[in-house]
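Right, one structure below, let's go through it.
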2 protein chains.
Amino acid sequence: MVPPRAARTQRRTRIQEQKEERILEAALEVFSLHGYRGATVDQIAEVAGMSKPNLLYYFRTKEAMHRALITRVLDTWLDPLREFDAEGNPVAEFRSYIRRKLEMARDFPRESRLFANEVLRGAPNIEDELKGPLKALVDEKAAVIRAWAKAGKIVACDPYHLIFSIWSTTQHYADFDVQVRAVLGEEKADESRFDDAARFLEQLFIGGLQIRDQGS
Amino acid sequence: MVPPRAARTQRRTRIQEQKEERILEAALEVFSLHGYRGATVDQIAEVAGMSKPNLLYYFRTKEAMHRALITRVLDTWLDPLREFDAEGNPVAEFRSYIRRKLEMARDFPRESRLFANEVLRGAPNIEDELKGPLKALVDEKAAVIRAWAKAGKIVACDPYHLIFSIWSTTQHYADFDVQVRAVLGEEKADESRFDDAARFLEQLFIGGLQIRDQGS
DNA sequence: TGTAGTGTTTACCAACCGGTCAAATTATCG
DNA sequence: CGATAATTTGACCGGTTGGTAAACACTACA
């Protein structure tokens with residue numbers, strides 16, 4: 001009788017976990033494609049293969065569904081940056097960070113688009129998380145980058161805008177996928193697209209970051 | 001009696017032009033903020049300062065309004081790339097192209113977000129224009145860039161992904177404005193944000209493109 | 001001033017949407 | 001098996017949405 005959300009103090013059953021997983025998977029599919037407002041509960045229910053009231057038994061509102069989804073995505077989305085290691089070799093760290101971000105754009109485009117959709121709308125539901133955990137993490141990594149520059153390990157540059165540019169260039173291949181396809185032509189296979197992108201971005205960032213001839 | 005759209009064979013009156021302009025301005029405001037589905041005709045009518053039926057007298061459907069808006073935006077959006085001059089100095093051309101794109105992100109963020117919203121949704125209404133005029137223009141400029149590289153004027157790199165990276169990094173400051181603000185902190189004034197971004201992007205792209213010491 | 005066309009508004013509608021409810025079905029466990 | 005709780009469903013509801021009908025107002029011009 002009592003909806004599972006209220007009974008969460010107890011352990012969740014396996015069936016609840018599975019259903020919630022199926023729902024969030026379907027919600028990701030629909031939200032990422034149509035945005036929050038554009039998605040309908042009926043649509044999500046259909047993709048999840050269950051009736052609307054049944055879906056609403058697990059997530060009482062559309063908003064609850066979206067919130068659960070976006071906080072989860074935001075968390076995994078920051079993993080690559082968390083791995084960014086102050087102790088490692090600077091150039092190697094950037095190289096693997098860029099590669100990880102590009103792989104996420106390739107393998108999890110729906111998550112990227114969900115996030116993009118949310119930020120585009122002004123991030124009404126995640127503003128606090130952006131100003132809190134996200135900002136804190138970026139501040140931390142920016143300090144690392146600045147220290148590297150001061151130590152002469154990489155060229156000096158604004159660490160925040162450097163991170164922004166890595167975010168934007170990599171996520172572009174998920175969020176603007178249709179445009180990229182249209183310009184490159186459909187014949188260009190996915191593999192090739194991402195390989196070319198990886199090669200270019202490495203050239204752009206690593207080439208630009210490495211200390212070489214400082215003249216002119 | 002007859003709606004103006006059908007009477008378009010005749011010249012449009014001044015009042016029609018003005019009203020349509022007011023409507024498209026309001027539509028841009030609302031669509032860019034809430035996306036196609038999230039925007040309501042009532043909302044647009046209110047922003048435009050007229051009643052809904054009155055608005056629908058000038059644009060018979062919500063979709064017609066959106067289509068008129070997006071084709072116009074797409075057109076002006078490509079202007080900076082059109083100005084990209086094959087005869088000019090390569091480095092100077094890139095520098096001014098980046099600056100123009102960044103200025104557009106600063107001065108016309110709504111247009112950028114409208115476009116981003118559309119592409120995110122799979123560009124259902126502009127797919128043809130992406131594969132047609134857009135692709136043609138990019139192909140043309142890509143050839144120019146390749147020729148510059150072959151002539152040794154800039155370093156060799158994939159011209160398509162270079163253009164993508166300029167698009168994504170500059171538009172990021174319009175589309176992900178909320179995130180940028182959250183990370184940099186609200187105290188950072190707009191002017192400073194864009195100045196810093198301009199300085200960084202110049203360093204990234206121009207520094208990376210210029211021919212200097214080629215040794216590892 | 002009459003009238004035809006242009007522009008505007010009030011009232012309205014059918015479809016859709018998020019969400020509820022009560023009843024039915026199924027799983028759990030003594 | 002019996003009983004209790006968990007899950008699922010069809011029917012439904014109030015509010016919103018895109019769009020329409022028709023009357024009304026304004027303007028230009030003979």
Side-chain angles (χ1 to χ4, degrees), chain A residues 1-24 26-27 29-31 33-70 121 124-125, chain B residues 1-24 26-27 29-31 33-70 121 124-125:
Chain A
M1 235 7 149
V2 177
R5 287 275 154 198
R8 268 283 202 73
T9 45
Q10 308 277 339
R11 197 161 80 249
R12 276 191 304 171
T13 68
R14 215 159 294 108
I15 210 176
Q16 279 175 353
E17 272 179 38
Q18 284 177 358
K19 289 269 165 140
E20 287 181 13
E21 202 50 47
R22 249 174 64 195
I23 291 170
L24 288 182
E29 182 72 27
V30 178
F31 278 132
L33 205 58
H34 304 288
Y36 178 75
R37 192 82 200 296
T40 73
V41 177
D42 298 77
Q43 226 176 337
I44 297 171
E46 193 194 327
V47 172
M50 59 181 76
S51 67
K52 181 169 64 169
N54 194 13
L55 184 152
L56 288 168
Y57 173 74
Y58 292 99
F59 292 90
R60 278 208 276 253
T61 65
K62 182 185 180 183
E63 206 207 318
M65 222 159 46
H66 188 253
R67 198 166 30 229
L69 199 54
I70 201 128
R121 283 193 315 149
N125 287 324
Chain B
M1 239 2 155
V2 179
R5 285 277 156 198
R8 267 286 201 70
T9 46
Q10 307 278 340
R11 197 159 80 249
R12 277 191 304 172
T13 68
R14 212 158 298 107
I15 212 175
Q16 279 175 353
E17 273 179 37
Q18 284 177 0
K19 289 269 164 138
E20 287 181 14
E21 201 50 46
R22 248 173 68 195
I23 292 170
L24 288 182
E29 181 72 29
V30 178
F31 277 132
L33 205 58
H34 304 287
Y36 178 75
R37 192 82 199 295
T40 73
V41 178
D42 298 77
Q43 227 176 335
I44 297 171
E46 193 193 327
V47 173
M50 59 180 77
S51 68
K52 180 168 64 167
N54 193 193
L55 184 152
L56 288 169
Y57 173 74
Y58 291 98
F59 292 92
R60 279 208 275 250
T61 65
K62 182 186 181 183
E63 206 207 317
M65 221 157 49
H66 188 254
R67 196 166 30 228
L69 199 54
I70 200 126
R121 285 193 314 149
N125 286 323

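Proteins get letters first, then strands, A, B, ... in listed order; numbering begins at 1 in each.
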Which pairs, protein N/O on one side and nucleotides 16-18 of chain C N/O on the other, fall under 3.5 Å?
residue, atom, partner, partner atom, Å
C:dG18, OP1, A:A39, O, 3.2
C:dG18, OP1, A:K62, NZ, 2.9
C:dG18, OP2, A:V41, N, 2.9
C:dG18, N7, A:K52, NZ, 3.0

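- Distances shorter than 4.0 Å separate none of the side-chain N or O atoms of B:Y57 from OP1 or OP2 on D:dT20.
- If you take CD1 of B:I44 and P of D:dT17, they are 12 Å apart, rounded to a whole angstrom.
- For the pair A:N54 and D:dT7, the criterion of a side-chain N or O lying under 4.0 Å from OP1 or OP2 is not met.
- Atom pair B:E46:CD and D:dT16:P shows a separation of 14 Å (rounding to whole Å applied).
- Whole-Å rounding puts the B:M50 CE to C:dT6 C1' distance at 15 Å.
- One distance of note links OH of A:Y57 with CE of A:M50; it measures 12.0 Å at 0.5 Å rounding.
- In this structure, A:H66 and A:T61 have side chains that are not in contact, with every pair of non-hydrogen atoms separated by 4.5 Å or more.
- Within 6.0 Å of atom CD in A:E46, 12 or fewer heavy atoms from other residues, nucleotides or ligands are found, so the atom counts as exposed in its surroundings.
- For A:K19 and D:dT8, the shortest distance from a side-chain N or O to OP1 or OP2 is below 4.0 Å.
- Distance from the side chain of A:P53 is smallest to D:dA11 among D:dT20, D:dT7, D:dA11.
- Atom C1' of nucleotide C:dT8 and atom CG of B:L55 are separated by 12 Å, given to the nearest angstrom.
- Separating the NE2 atom of B:H34 from the P atom of D:dG18 is a distance of 12 Å, rounded to the nearest angstrom.
- One atom, CE of A:M65, and another, P of C:dG19, lie 9 Å apart when rounded to the nearest Å.
- One distance of note links CD of A:Q43 with CZ of A:F31; it measures 10.0 Å at 0.5 Å rounding.
- Rounding to the nearest 0.5 Å gives a distance of 8.0 Å between OG1 of B:T40 and NE2 of B:H34.
- OP1 or OP2 of C:dT8 has not a single side-chain nitrogen or oxygen of B:S51 nearer than 4.0 Å.
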Handout entry: Worked check of side-chain contact (heavy atoms from CB on, under 4.5 Å) between B:K19 and B:R22
Key = CA-CA 5 Å; B:K19 289 269 164 138; B:R22 248 173 68 195; 3.9 Å; yes
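- Distance alone, capped at 3.5 Å, places no donor-acceptor pair between the B:K52 side chain and the B:I44 backbone.
- Distance B:F31 CZ to D:dT17 P: 13 Å, rounded to the nearest Å.
- A:Q16 has no side-chain polar atom (N or O) that falls below the 4.0 Å cut-off from OP1 or OP2 of D:dA6.
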